[in-house]
Amino acid sequence: AQKVTQAQTEISVVEKEDVTLDCVYETRDTTYYLFWYKQPPSGELVFLIRRNSFDEQNEISGRYSWNFQKSTSSFNFTITASQVVDSAVYFCALSETGANSKLTFGKGITLSVRP
Amino acid sequence: GAVVSQHPSRVICKSGTSVKIECRSLDFQATTMFWYRQFPKQSLMLMATSNEGSKATYEQGVEKDKFLINHASLTLSTLTVTSAHPEDSSFYICSARLAGVFYEQYFGPGTRLTVT
């Protein structure tokens with residue numbers, strides 16, 4: 001069975017601070033996909049990134065960066081110079097492959113960025 | 001591309017009535033659709049997997065007679081909450097998957113159901 005753990009539940013930072021959201025996963029599969037989603041107060045999930053298990057390269061997209069380390073089964077997400085608009089719930093998720101694959105979500109991290 | 005819509009976005013119904021939520025893939029054919037439920041300040045929990053033309057597969061603990069799912073076409077799946085009660089009040093989110101692309105789900109905007 002697969003599992004995603006987001007140990008942090010709520011994080012509060014002041015605008016312009018950097019913040020890292022942690023994600024640890026468990027799976028028996030050798031091929032899998034990891035995701036991060038943002039859920040603003042409106043409720044609609046916003047896709048941020050997908051990473052497959054064979055690609056451990058870190059990724060940077062603007063103020064966002066992701067650190068994937070298979071050795072520690074972690075897929076952490078860093079927001080640099082946070083902004084008030086970054087306030088949302090962030091979910092890490094894991095998917096196996098195959099026709100019966102399902103997406104397993106972590107419990108989510110509520111990020112509050114104060115002006 | 002890969003847009004999923006849900007209708008309605010919000011619905012209020014009285015206890016004991018039934019309510020139908022539609023999930024549509026607007027620009028692609030979705031052989032598989034998923035229904036999730038999200039209670040306040042909680043994560044998304046998968047309720048069921050819906051394959052076009054066949055019966056839905058429900059997750060453990062989800063009452064299939066209460067949450068009726070129909071996936072009659074490659075672009076439409078419906079979730080009917082029968083005899084709704086206040087405890088069914090929740091945010092319901094659907095997602096759709098392209099045929100053969102097993103790792104990607106496209107999410108709808110969600111439907112907020114309030115049962116009074």
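So you know, we letter chains A, B, ... as the sequences are listed, proteins then strands, and number each from 1.
- There is a path of hydrophobic side-chain contacts, each under 4.5 Å, that joins A:L48 to A:L111.
- When the side chains of ILVMFWY residues are joined at heavy-atom separations under 4.5 Å, either directly or via intervening members, B:M45 and A:L94 end up in two distinct hydrophobic clusters.
- With a threshold of 4.5 angstrom between heavy atoms, A:F47 approaches chain B through side-chain atoms but not through N, CA, C or O.
- Put simply, CG on B:L44 and CG on A:L45 are 5.5 Å apart, with the number rounded to the nearest 0.5 Å.
- Under a hydrophobic-cluster definition in which Ile, Leu, Val, Met, Phe, Trp and Tyr are linked whenever side-chain heavy atoms come within less than 4.5 Å, directly or via other members, A:V89 and A:I109 are assigned to different clusters.
- Residue pairs meeting the salt bridge (Lys or Arg N to Asp or Glu O under 4.0 Å) criterion with at least one partner in residues 81-93 of chain B, sequence neighbours excluded, are B:K66-B:D88.
- Applying the disulfide bond (SG atoms under 2.5 Å apart) test to residues at least two apart or on different chains, the pairs with a partner in residues 71-116 of chain B are B:C23-B:C94.
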Geometric donor-acceptor pairs, no angle filter, chain B-chain A, under 3.5 Å:
residue	atom	partner	partner atom	Å
B:Q38	OE1	A:Q39	NE2	2.8
B:Q38	NE2	A:Q39	OE1	2.9
B:S43	OG	A:G106	O	2.6
B:E59	OE1	A:K102	NZ	3.3
B:E59	OE2	A:K102	NZ	2.7
B:R97	NH1	A:S101	O	3.2
B:R97	NH1	A:S101	OG	3.2
B:R97	NH2	A:A99	O	2.7
B:F102	O	A:S101	OG	3.0
B:E104	OE1	A:R50	NH1	2.0

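- Note on residues 3-109 of chain A: pairs passing disulfide bond (SG atoms under 2.5 Å apart), not counting sequence neighbours, are A:C23-A:C92.
- Hydrophobic clustering keeps B:F39 apart from B:L46 (ILVMFWY residues linked when any side-chain heavy atoms are closer than 4.5 Å, directly or through intermediates).
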